[in-house]
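First up is the structure itself, then whatever we jot down about it.
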Amino acid sequence: MEAILVSACLRGVPCRYDGRHKVSSEFEEAVAGREVIAFCPEVAGGLATPRRPAELVGGDGHDVLDGTARVVEDTGRDVTAEFVDGAQRALAAARHGGCTEALLMPRSPSCGRGVVYDGSFAGELVPGDGVTAALFERNGIAVRPAPGV
Ligand code: SF4
């Protein structure tokens, strides 16, 4: 059975910035019958839970990996290094588990795929990927946003 890497918060781990998780029946149906590797890049990168919300500023996760954008908390604290470190640890976990696919939390500055918040902390969405989603895509791991959240 091929393993799939998933955002840990979707699997019930209370690792979101607000100390909550994001369990949904749609997600459980989507991974039924699969070996699941649950991983939280932000916690793996050294950030505490709960923590301040963070957004991508100046571009998306690809731009962060290229060094032309940053990840910043709503306090102004720069957490780019923690997000990149967490993404690299997530990639290592996916490779270790033999994953070629990931099902990740939508809109997150780490896990978002296709759409992320715009850096204004005003709830506005723009096209783009989170840092971990971008690193996965660059390394041949197909990322899908999880349904139902
Ligand atoms: Fe969930 Fe990903 Fe955010 Fe961790 S980094 S809380 S796994 S969305």
Side-chain angles (χ1 to χ4, degrees), residues 3-32 34-65 69-75 77-97 99-139 141-149:
I4 184 168
L5 189 137
V6 306
S7 299
C9 57
L10 295 168
R11 200 60 171 173
V13 179
C15 54
R16 280 167 52 86
Y17 74 94
D18 57 5
R20 304 175 78 166
H21 60 67
K22 271 286 184 178
V23 166
S24 77
S25 55
E26 290 96 332
F27 169 78
E28 289 301 327
E29 286 167 19
V31 298
R34 301 289 297 271
E35 180 187 345
V36 169
I37 296 172
F39 197 92
C40 177
E42 291 174 23
V43 170
L47 296 172
T49 306
R51 53 190 171 275
R52 300 304 309 172
E55 294 193 4
L56 298 152
V57 174
D60 78 343
H62 293 276
D63 301 310
V64 170
L65 295 173
R70 300 181 300 143
V71 191
V72 179
E73 292 183 343
D74 63 349
T75 58
R77 176 188 173 213
D78 189 314
V79 286
T80 306
E82 288 86 346
F83 272 65
V84 172
D85 183 59
Q88 290 167 341
R89 292 175 189 271
L91 178 61
R95 284 178 167 159
H96 183 73
C99 304
T100 58
E101 235 189 312
L103 194 62
L104 301 183
M105 177 67 198
R107 303 178 295 281
S108 155
S110 289
C111 295
R113 172 77 172 106
V115 181
V116 289
Y117 290 106
D118 73 349
S120 67
F121 295 93
E124 299 295 327
L125 294 167
V126 289
D129 295 331
V131 181
T132 294
L135 189 63
F136 278 13
E137 288 289 332
R138 289 182 173 197
N139 286 276
I141 297 174
V143 178
R144 284 185 290 134
V149 286

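Note that the structure is predicted; figures quoted are calculated from it, not measured. Counting starts at 1 for both ligands and their atoms, in listed order.
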*So, are E73 and R51 salt-bridged, with charged N and O less than 4.0 Å apart?*
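Salt bridge flag = no for R51 with E73.
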Closest approach of any protein heavy atom to [atom], naming residue and atom:
{"atom": "atom 1 (Fe) of ligand 1", "result": "C9 SG, 2.3 Å"}
{"atom": "atom 3 (Fe) of ligand 1", "result": "E42 OE2, 3.8 Å"}
{"atom": "atom 8 (S) of ligand 1", "result": "M105 CB, 3.4 Å"}

Give, for atom [atom1] of [X] and atom [atom2] of [Y], the distance between the pair rounded to the nearest 0.5 Å.
{"X": "R20", "Y": "C9", "atom1": "CZ", "atom2": "SG", "answer": "12.5 Å"}
{"X": "R70", "Y": "D63", "atom1": "CZ", "atom2": "CG", "answer": "13.0 Å"}
{"X": "Q88", "Y": "L135", "atom1": "CD", "atom2": "CG", "answer": "6.5 Å"}
{"X": "L10", "Y": "L104", "atom1": "CG", "atom2": "CG", "answer": "8.0 Å"}
{"X": "S110", "Y": "M105", "atom1": "OG", "atom2": "CE", "answer": "11.5 Å"}
{"X": "R113", "Y": "R144", "atom1": "CZ", "atom2": "CZ", "answer": "11.5 Å"}

So if I count the atoms of ligand 1 from 1 in the order they appear, which ones are less than 4.0 Å from some heavy atom of [X]?
{"X": "C111", "result": "2 (Fe), 5 (S), 7 (S), 8 (S)"}
{"X": "S108", "result": "3 (Fe), 8 (S)"}
{"X": "P41", "result": "2 (Fe), 5 (S), 7 (S)"}
{"X": "R16", "result": "6 (S)"}
{"X": "F39", "result": "7 (S)"}

*Mode of S7 contact toward ligand 1 - side chain, backbone, both, neither (heavy atoms, under 4.0 Å)*: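 Both backbone and side chain.
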*Could you tell me whether any N, O or S atom belonging to C15 is less than 2.8 Å from atom 2 (Fe) of ligand 1?*
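False for C15.
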*Minimum heavy-atom separation for F121 to V72, with atom names?*
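Taking every non-hydrogen atom into account, CZ-O, 3.3 Å.
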*Can you name the closest pair of heavy atoms from T80 and A69 and give their distance?*
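Result for this residue pair: CG2-O, 4.4 Å.
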_Below 2.8 Å, can you find an N, O or S atom of C40 next to atom 1 (Fe) of ligand 1?_
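Checking C40: none of its N, O or S atoms is under 2.8 Å.
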_contact_flag Y17 ligand 1 heavy-atom lt 4.0 Å_ =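 Contact absent.
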*Does ligand 1 have an atom under 4.0 Å from some heavy atom of R51?*
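R51 counts as a contact of ligand 1 under the 4.0 Å cut-off.
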*Please work out which of A8, G112, A44 has its closest non-hydrogen atom nearest to atom 7 (S) of ligand 1.*
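Shortest heavy-atom distance from atom 7 (S) of ligand 1: A8.
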